[in-house]
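To start, the structure itself, in structure tokens.
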Amino acid sequence: MAARGKYKTRQRMLVQTCLESNVGHYLTVDEVWGSTISAGEHIGRSTVYRNLESMVEEGSALKAVSPGGEASYHLYQDKTSGQMVCLECRNAFPLTCHMIGELSHHVLDRHGFKILPSRTVLYGICDACRLNMPHAEQAV
């Protein structure tokens, strides 16, 4: 018998296909669910949620929680060290920077806490969104 969450069901493939079609973006449960419904597929919202959480648990998806508490999901790509998520457009960008390694070492040495770079998500405003903000907000 397969381990919990390891079944490759039709619903699981629908959720995975939606994430694969949106590489570079974090999607909420409702966005994944709506996308599958729009494609003419029948799947329950709670089934989408369970599949996304299962994918996070097994490491095939990343989960980011907005300051408002809403979770968004992104297909994990091995070649990135982490993710940067724009709070305006919700685009995700790979975070591949040697400074993450240095920060990880500092935090472990000084604070006794091991950062997992592959699970690191930094929230902020991307350049495109920042440049479209009123001048006073750009500097913040």
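Just so it is clear, the values below take in all heavy atoms, side chains as well, and ignore hydrogens, waters and symmetry mates. Note that the numbering runs from 1 along the sequence shown for the chain.
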State whether the number of non-hydrogen atoms from other residues, nucleotides or ligands found under 6.0 Å of H42 atom NE2 is greater than 12.
->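 Result for NE2/H42: open.
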
Would you indicate whether H105, at its atom NE2, is surrounded by more than 12 heavy atoms from other residues, nucleotides or ligands within a distance under 6.0 Å?
->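 No, the 6.0 Å shell around NE2 holds no more than 12 heavy atoms from other groups.
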
For the residue pair [X] and [Y], establish whether any side-chain heavy-atom pair is separated by less than 4.5 Å.
| X | Y | result |
| --- | --- | --- |
| V85 | L122 | no |
| H25 | H74 | no |
| T120 | Q83 | no |
| I100 | L95 | yes |
| T47 | R50 | yes |
| F113 | L108 | no |
| L14 | V32 | no |
| Y73 | L27 | no |

With the 4.5 Å side-chain cut-off for hydrophobic clustering, are [X] and [Y] part of the same group?
| X | Y | result |
| --- | --- | --- |
| V107 | V121 | no |
| I115 | M84 | no |
| V65 | Y26 | no |
| M13 | W33 | no |

Are E41 and R10 close enough, and set up right, to give a salt bridge (charged side-chain N to carboxylate O under 4.0 Å, His left out), and what steps lead you there?
-> CA-CA 10 Å; E41 300 291 345; R10 180 178 137 315; 3.2 Å; yes

Shortest non-hydrogen contact from [X] toward [Y]:
| X | Y | answer |
| --- | --- | --- |
| C86 | I125 | SG-CA, 3.9 Å |
| V15 | N51 | CG2-CB, 4.0 Å |
| V29 | V48 | O-CG1, 3.9 Å |

So, taking the atom named [atom1] in [X] and the one named [atom2] in [Y], what distance separates them when rounded to the nearest 0.5 Å?
| X | Y | atom1 | atom2 | answer |
| --- | --- | --- | --- | --- |
| C129 | M133 | SG | CE | 7.0 Å |
| L52 | S60 | CG | OG | 9.5 Å |
| H106 | D109 | NE2 | CG | 8.5 Å |
| T36 | E31 | OG1 | CD | 12.0 Å |

If we ignore angles and hydrogens, is there a donor and acceptor under 3.5 Å between the side chains of R12 and T9?
->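 Side-chain D/A pair, R12 to T9: absent.
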
Is it true that E53 and K63 have a side-chain N and a carboxylate O under 4.0 angstrom from each other?
->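 A salt bridge links E53 with K63.
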
